Amino acid sequence: MYAFEYVRPSTLSEAERALAAQPGAKLLAGGQSLIPALKLRLNRVPLLIDLSAITGLNRIERRGNLLAIGAMTTHAEVAASSVVKAAIPGLVHLAGNIGDPQVRNAGTIGGSLANNDPAADYPAAALALAAMLKTNRQEIAADNHFSGLFAGFAEDEILTEILFPIPRRFAYSKFPNPASRFALVGCAVAQAATGVRVVATGAGANGVFRVPELETALSASFSPDGLKRIVIDSSNLTSDIHGDAEYRAHLIGVMTKRAVDACLA
Amino acid sequence: MTAVSVTVNGKTVSAEIEPRTLLVQLLRDRLGLTGTHVGCDTSQCGACVVHVNGKAVKSCTMLALSCDGAKVTTIEGIGSPEMLHPMQRAFQDHHGLQCGFCTPGMIMSALDLVTRKGMKLDESTIRKELEGNLCRCTGYHNIVKAIGAGAQAMGAAELQAAE
């Protein structure tokens with residue numbers, strides 16, 4: 001790691017001031033992506049602002065038809081939450097299968113969404129569920145936030161809470177890369193009063209995206225039956241040593257079918 | 001340099017460190033607690049697993065300063081050569097190690113697993129929960145056996161203490 005300055009504020013307003021005072025400063029949440037990137041010197045920061053001492057950023061609450069999860073809530077906390085299980089059980093399953101137990105004890109939902117790795121799990125859920133991302137300044141619809149890789153927040157913005165409208169059904173299914181355990185392809189399926197959304201992760205270089213062919217089919221009939229016949233366009237998908245675009249296109253169909261099965265189980 | 005104060009294995013220690021110091025570097029290089037190992041250094045192998053405030057984490061992927069004020073438990077804090085922890089004893093009894101490099105991390109992860117899922121652990125649970133710990137010698141079979149037996153022994157020890 002290159003050397004950096006470090007602060008660990010105990011309030012959000014202290015964190016905001018530190019962020020405004022130092023151009024290029026980065027926020028540290030659970031550090032499960034940022035610290036490896038710093039260690040590989042892929043990233044160089046003048047100042048790290050550690051959010052772990054700020055209280056109140058890891059609350060999980062049901063508010064009417066919304067499930068609110070604080071940005072600093074760890075994957076392990078989401079996976080063990082009875083509130084999440086009652087509201088959106090598919091999120092418990094998703095959180096409980098990120099990385100490994102030790103990563104889940106440190107990594108956070110806010111860190112995952114802000115970092116928006118193109119193979120991360122949470123962005124798929126946030127877009128499928130049409131979540132709202134609440135920062136210290138505004139609420140951003142997931143639809144706008146995930147419109148491109150690292151679309152991201154403004155320099156002085158801090159993600160504080162994620163608001164998930166509670167759907168009728170939701171499930172996430174992924175095919176993990178056997179070595180890295182990142183999603184080679186993962187698909188999130190949500191059925192809500194506003195319609196059906198299917199979102200793929202791991203398959204596009206620019207991050208998560210909706211899959212209109214599958215959404216149309218599932219809107220007509222929410223069943224796994226017809227999905228096999230749908231051919232997913234592979235022209236914009238990722239090809240790398242782990243799998244080519246055609247393979248990923250095939251996996252989108254398979255993972256979506258499994259997610260629909262899980263929705264109906 | 002920044003001051004950090006951590007309670008390691010029950011003893012509060014303070015040090016002046018560079019902000020980029022990792023928890024594992026503080027433990028090994030400053031405090032001489034070399035039971036916690038660095039294997040892959042990329043948060044995959046789990047040789048560096050310790051407990052921070054009771055939860056298993058990879059100490060190669062955590063800044064020491066993030067642990068300021070925290071309670072840290074390392075392999076040195078759970079037993080001694082004369083008085084092995086029941087989980088350590090089970091690894092010995094079941095030949096749960098060959099070279100031993102991964103063992104401290106395996107044991108710290110196993111204890112975290114017992115905290116979360118109790119002392120009756122079936123094989124498939126243990127195998128799934130070992131996702132974050134790699135062993136290149138044993139083929140895992142005896143590690144899985146050792147963890148199941150160690151967890152049971154912890155249960156028996158607890159019962160005995162209660163009587």
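Predicted model only: the values in this text are computed from it and were never measured. Each chain gets a letter, A, B and so on, in the order its sequence line appears, and its residues count up from 1.
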Could you measure the distance from the CG atom of A/Asn105 to the CG atom of B/Asn53? Nearest 0.5 Å is fine.
11.0 Å
Hey, what do you get for OH (A/Tyr6) to CD1 (B/Ile17), rounding to the nearest 0.5 Å?
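CD1 of B/Ile17 is found 9.0 Å from OH of A/Tyr6.
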Of all heavy-atom pairs between [X] and [Y], which one has the smallest distance, and what is that distance?
X        : Y        : result
A/Gln102 : B/Gly132 : OE1-CA, 3.6 Å
A/Arg8   : B/Asp68  : NH1-O, 3.2 Å
B/Lys128 : A/Gly96  : NZ-O, 4.5 Å
A/Gly31  : B/Thr61  : O-CG2, 3.8 Å
B/Arg20  : A/Phe4   : CA-CZ, 3.5 Å

Does any part of the side chain of [Y], heavy atoms only, come nearer than 4.5 Å to the side chain of [X], both counted from C-beta?
X        : Y        : answer
A/Ile35  : B/Lys58  : no
A/Asp50  : B/Leu65  : no
B/Pro19  : A/Leu48  : no
B/Glu131 : A/Arg104 : yes

Need one label for [X]: side chain, backbone, both or neither, based on atoms under 4.5 Å from any heavy atom in chain B.
X        : value
A/Leu34  : neither
A/Ala179 : backbone
A/Leu40  : neither

Take atom [atom1] of [X] as the centre, draw a 6.0 Å sphere, and report whether it contains more than 12 heavy atoms from other residues, nucleotides or ligands.
X        : atom1 : value
B/Gln160 : CD    : no
B/Met1   : CE    : yes
B/Lys71  : NZ    : no
B/His94  : NE2   : yes
A/Arg137 : CZ    : yes
B/Glu158 : CD    : no
A/Glu5   : CD    : no

Go through the atoms of [X] and report whether side chain, backbone, both or neither lie under 4.5 Å from a heavy atom of chain A.
X       : answer
B/Leu63 : both
B/Val57 : both
B/Glu18 : side chain

Hey, does the side chain of B/Lys55 reach the backbone of A/Ala76 with a donor-acceptor pair shorter than 3.5 angstrom?
no
Would A/Gln32 and B/Ser43 count as having a side-chain donor-acceptor pair, cut-off 3.5 Å?
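Result is no, nothing qualifies.
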Which of B/Asp41, B/Asp112, B/Thr2 touches chain A most, by non-hydrogen pairs under 4.5 Å:
B/Asp41
